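Step one of this worksheet: look at the structure below.
The analysis underlying the following values was restricted to heavy atoms, covering all of them including side chains, and did not include hydrogens, waters or symmetry mates. The model shown is predicted, which means the values in this text are computed figures rather than measured ones. Heads up: numbering here begins at 1 and tracks the sequence.
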Amino acid sequence: MLAIIAIIVGLVGLLVGAAAGFLVRRGAVGTSLQQAEEQASRLLAEAESRQKELVLAAKEETLQLRNTIDAEIRERRIEVQRIEQRLTQKEENLDRKIEGLERREATLRDREDQIERIRAEADELKQRQVTEMERITGLTQDEARAQLLAAVEVEIRDEASRRVREAEKEAEATAGARARKIIATAIQRYASEVTAETTVSVVQIPSDDMKGRIIGREGRNIRAIEAATGVDLIIDDTPDAVTVSSFDPVRREIARVALSTLVQDGRIHPTRIEEAVNKARREVETNMQDAAEAASVEAGVLNLHPEVLKVFGRLRYRTSYGQNVMRHSIETAHIAAMMAREIGADVEVARAGGFLHDLGKAVDHEVEGTHALIGADIARRFRVKDVVAHCIEAHHEEVEPHTVEAVLVMMADAVSGGRPGARRESLENYIRRLETLESIARSFKGVESAFAIQAGREVRIIVKPEQIDDLQAMRIARDVSQKIEETMEYPGQIKVTVVRETRATEIAR
């Protein structure tokens with residue numbers, strides 16, 4: 001029972017505690033709800049107050065914006081009014097200008113009409129004057145114009161001749177003496193040998209019996225020599241001599257050396273011929289190399305590429321009008337250097353250009369083109385200075401010279417080739433050149449006679465004094481020299497002298 005009573009008592013206590021806890025919680029919840037309602041009421045009041053403030057601020061801002069826009073609109077209206085006023089003024093100005101232009105155009109039309117009337121009257125007056133002049137003079141207008149033009153042409157030609165003569169005298173007074181001094185100094189300081197070579201070489205043999213051995217059985221020896229050297233052997237009635245002919249000077253020299261060796265040895269057969277030719281080729285190549293090096297030292301042109309010297313060495317056996325080209329190159333180098341030193345140009349460039357100016361002649365029979373352009377191409381290929389290569393390519397004016405040194409090389413080449421005894425021609429070509437010079441001179445009107453003198457380096461022309469005056473004599477000299485330059489090829493230069501002489505003869509009885 002006690003246990004049951006205890007249980008009942010516990011349950012009653014539990015129920016009393018639960019009821020008390022419920023009552024306490026209910027009171028706390030009521031308090032929280034009241035506080036929440038008060039806070040919500042406060043927040044709502046604040047929100048309404050904030051909303052009223054924002055509405056007022058928006059109204060104020062809207063009012064300010066409206067005032068600003070109204071002010072801008074008023075300014076824009078004022079600006080538009082000013083623009084309209086300016087446009088109105090411009091329209092009025094344009095209207096006034098248009099009216100002025102219309103008045104001016106009308107005035108110009110009136111003046112044009114007046115000018116046309118005056119021009120018509122002038123043409124009519126001019127025609128009457130021409131008709132009257134034709135009646136008085138007895139000449140038509142074309143005839144009078146022709147006579148007037150002829151008279152003016154003669155007067156202009158005479159005046160031009162006089163001015164040319166004065167200019168020539170002035171140039172001669174200032175430049176002639178200086179040029180003559182420079183060239184004369186260069187020529188006097190360098191004196192070179194006189195050479196005369198041809199396209200054949202002669203090999204002396206001990207007796208005519210050797211000719212048969214050179215020909216060999218059925219001509220096998222001579223054929224072997226010609227095939228190995230590329231030359232022609234001429235065996236004729238010339239006593240104790242065999243002629244080697246070839247336009248290639250190197251081949252001709254190889255054949256000459258080989259044939260001389262065979263003649264001295266006495267053993268002549270195809271195998272021995274081949275050995276002698278190979279030995280002669282090596283000997284000639286060595287001689288050419290040595291000659292090129294010696295020539296470069298003599299000319300003062302050092303540090304050339306070995307291939308350039310190898311090509312230049314071939315010029316030892318090359319001739320031009322009988323003048324050895326290697327000696328001519330050395331001579332040109334010295335003359336060009338002397339003239340460059342006299343006028344203050346680059347001495348080394350002029351020297352090298354003069355030394356190498358005929359480099360292309362060593363291979364001009366093997367390569368297409370002129371020897372000047374070929375030589376310049378070889379020089380540039382082996383790193384010779386471009387200014388030197390320009391001297392090479394321009395020394396015959398195939399390329400226009402644009403340096404002083406190139407002009408000096410041209411002059412030195414002409415001096416070296418044109419000096420007396422430097423070159424020679426065959427008798428037939430020499431006579432033909434003299435006859436051509438004289439025929440060119442005689443082809444001009446008023447020439448009485450012409451004579452080529454000084455080995456064709458000067459032409460003396462005698463004119464008829466009753467037909468040719470002094471000014472016409474000057475024109476004939478210039479025209480003849482120009483025609484010679486255009487129609488002939490010649491080394492050096494040719495002087496043209498026109499002689500006009502008036503003689504008065506009386507006989508005392």
Side-chain angles (χ1 to χ4, degrees), residues 27-134 140-142 144-146 148-149 151-153 155-156 159-160 163 167 380 385-387 389-390 393-394 399-404 406:
V29 169
T31 304
S32 298
L33 289 173
Q34 186 177 0
Q35 292 176 352
E37 289 177 356
E38 294 175 355
Q39 185 176 3
S41 298
R42 189 172 57 254
L43 291 174
L44 182 60
E46 291 177 356
E48 290 177 354
S49 176
R50 181 65 178 169
Q51 183 178 5
K52 291 179 180 179
E53 292 177 356
L54 290 174
V55 169
L56 291 175
K59 288 182 178 179
E60 292 178 357
E61 186 176 355
T62 302
L63 182 60
Q64 291 177 357
L65 181 61
R66 181 176 296 174
N67 294 333
T68 303
I69 292 173
D70 292 340
E72 290 182 356
I73 290 173
R74 285 194 298 274
E75 292 178 357
R76 294 286 179 87
R77 286 176 179 173
I78 295 172
E79 182 66 23
V80 169
Q81 291 175 356
R82 287 198 297 268
I83 293 173
E84 289 178 351
Q85 292 176 358
R86 287 199 298 270
L87 290 176
T88 303
Q89 292 176 357
K90 288 184 178 179
E91 289 179 356
E92 293 175 355
N93 294 334
L94 286 175
D95 292 339
R96 287 194 296 272
K97 289 182 179 179
I98 290 172
E99 291 176 359
L101 289 174
E102 290 177 351
R103 290 193 299 271
R104 185 175 180 182
E105 185 178 359
T107 303
L108 289 176
R109 283 197 297 268
D110 295 339
R111 290 184 178 180
E112 286 179 357
D113 296 338
Q114 184 179 0
I115 290 172
E116 289 295 331
R117 290 194 299 271
I118 295 174
R119 183 179 292 126
E121 293 175 359
D123 292 339
E124 184 180 358
L125 179 60
K126 179 180 178 182
Q127 186 63 35
R128 289 200 300 268
Q129 289 178 347
V130 170
T131 304
E132 185 66 18
M133 289 178 64
E134 289 179 354
T140 64
Q141 184 177 357
D142 293 336
R145 183 184 293 109
L148 180 61
L149 289 176
V152 172
E153 183 180 359
E155 183 178 357
I156 292 175
E159 179 66 21
R163 292 193 178 185
R380 289 192 174 101
K385 293 180 181 180
D386 191 67
V387 289
H390 175 66
E393 66 186 2
V399 174
E400 183 179 357
H402 57 258
T403 63
V404 176

Contacts under 3.5 angstrom, residues 56-73 side chains, donor-acceptor by atom type, not counting sequence neighbours:
residue : atom : partner : partner atom : Å
T62     : OG1  : A58     : O            : 2.7
N67     : ND2  : L63     : O            : 3.2
T68     : OG1  : Q64     : O            : 3.0

Would you please name every residue forming a side-chain contact (heavy atoms from CB on, under 4.5 Å) with A394, sequence neighbours left out?
H390, P401, A406
Can you tell me how far apart CG (L87) and CG (L94) are? Round to the nearest 0.5 Å.
10.5 Å
Holding to salt bridge (charged side-chain N to carboxylate O under 4.0 Å, His left out), I want the full list of residues that pass it with E124, two or more places apart in sequence or in another chain.
R128
Excluding sequence neighbours, so at least two apart, what forms side chain to side chain donor-acceptor pair (under 3.5 Å) with R109?
E105
Sorted by chain and number, sequence neighbours left out, salt bridge (charged side-chain N to carboxylate O under 4.0 Å, His left out) with R50 holds for E53
Go through the structure and list residues passing side-chain contact (heavy atoms from CB on, under 4.5 Å) with E92, not counting sequence neighbours.
T88, R96
Sequence neighbours left out, what passes side-chain contact (heavy atoms from CB on, under 4.5 Å) with L43? Give chain and number order.
Q39, E46
Could you tell me which residues satisfy side chain to side chain donor-acceptor pair (under 3.5 Å) with R119, sequence neighbours excluded, listed by chain and number?
E116
Return the set of residues passing side chain to side chain donor-acceptor pair (under 3.5 Å) with R82 (not counting sequence neighbours), or none when no residue passes.
E79
What residues form a salt bridge (charged side-chain N to carboxylate O under 4.0 Å, His left out) with R76, not counting sequence neighbours?
none
With E153, which residues qualify under side chain to side chain donor-acceptor pair (under 3.5 Å), at least two apart?
R157
Distance, nearest 0.5 Å, that separates CZ of R111 from CD1 of I118:
11.5 Å
side-chain contact (heavy atoms from CB on, under 4.5 Å) partners of R104, counting only residues at least two apart:
L108
